[in-house]
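Atoms within each ligand, like the ligands themselves, are counted from 1 in listed order. Basis for what follows: all heavy atoms, side chains included, without hydrogens, waters or symmetry-related copies. Numbers for residues simply follow the sequence, beginning at 1.
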Amino acid sequence: MSECGFIAPVILAVILGLILWPDSLQEKIKKRCETYLEKHGLPSQNDCEKIWDSFRQAFVEKDPCEVPPDAYDSLIHTVSQVSQEPTCNRMMFWSKTKEKVHEFAKKCSYVTLEDFLLGFLLDNLTWCGKSGSQETFTTGCPSWSDCVNNPVRSFWIQASAAFAASACGDAFVMLDGAIDMPYNPDSTFASVEVKHFNSSIMKSLTVLLVTKEGDTKTCESDESLKHLQTDLGSNLKYQCKVVPQSQLQTCIVD
Ligand SMILES: *[C@@H]1O[C@H](CO)[C@@H](O)[C@H](O)[C@H]1NC(C)=O
Ligand SMILES: *[C@@H]1O[C@H](CO)[C@@H](O)[C@H](O)[C@H]1NC(C)=O
């Protein structure tokens, strides 16, 4: 074997190792923070340190089943000071449509919670602490429904509440028309977001009910959407459109 034939695989292995080496939670979040601020033309390094500190204090040294939603108030406050204002008329909520909605939002210039700094920082992550320890963990944490007040669930509840409370003008929600209950009372959308809409700044909610080919569901035939109308009350205008999945490519709902 030539020397090159030996060295190349070693170099490759080292490079792969560096790429695949799991970042710590702190590095990952700070990197996301810096990426986000840079992309949006916002300064600075310092803020990401502050954001990490507020995030951390919400759950470190706590039993991972005893982190209530309001533990994140300080983080939400810190992030709101750093990042931009809500984008009226382009805000989009979702329930059971995570993949579709993000593709659609990106293509058609809507913004979801995960497009804002707060959601972007923690999208897809799991974290928790342990009482009596300063450490942060990303494995061995309670899952979404293991206990009510777990760090991940509490975060998304409080972040969703804040996002919904800031919704202004005409807002949208993408629901799955291929399931029995597109508007499920147990969803975060129904149980948290709808309850936090503020009719002094928000005018209307338009449901985009995404259907697959052959689905017969309509806005009028779906019982669960009647509950959404009731929950919205009389101060928010309700609209609903069926959007065949194939049409999501076209941004035609505008
Ligand atoms: C979360 O996961 C989805 C699907 O894999 C991906 O498209 C998205 O970029 C991830 N979010 C972040 C902030 O990395
Ligand atoms: C609704 O928005 C108005 C105007 O920004 C604000 O003054 C009020 O406090 C908000 N209400 C709630 C319940 O947050």
Any ion pair linking D53 and K50 (charged N to carboxylate O, less than 4.0 Å)?
no

So which protein residues pack against ligand 2 under 4.0 Å, heavy atoms counted?
N198, S200, I201

Can a salt bridge be assigned to the pair K30 and E49 using a cut-off of 4.0 Å between side-chain N and carboxylate O?
yes

Counting from 1 in the order shown, the ligand 1 atoms closer than 4.0 Å to a non-hydrogen atom of F120 are 13 (C)

contact_flag E99 ligand 1 heavy-atom lt 4.0 Å
no

Any luck finding a side-chain donor-acceptor pair between E114 and W94 under 3.5 Å?
yes

Under 6.0 Å from the NE2 atom of H227, do we count more than 12 heavy atoms belonging to anything else shown?
no

Per-atom contacts, ligand 1 versus N124 - under 4.0 Å to a heavy atom:
1 (C), 2 (O), 3 (C), 8 (C), 10 (C), 11 (N), 12 (C)

If the condition is ring pair (Phe, Tyr, Trp, His ring centres under 6.0 Å), which residues does W52 pass it with, not counting sequence neighbours?
F55

The side chain to side chain donor-acceptor pair (under 3.5 Å) partners of S204 (sequence neighbours excluded) come to D170

May I have all residue pairs that pass side chain to side chain donor-acceptor pair (under 3.5 Å) and include part of residues 176-187, sequence neighbours excluded?
Y183-D231

Counting only nitrogen or oxygen atoms and a 3.5 angstrom limit, does K98 reach ligand 1?
no

Measuring centre to centre across the rings, with the benzene-like ring taken for any Trp, is F93 within less than 6.0 Å of F172?
no

Check each heavy atom of H102 against ligand 1 and say whether those closer than 4.0 Å belong to the side chain, the backbone, both or neither.
neither

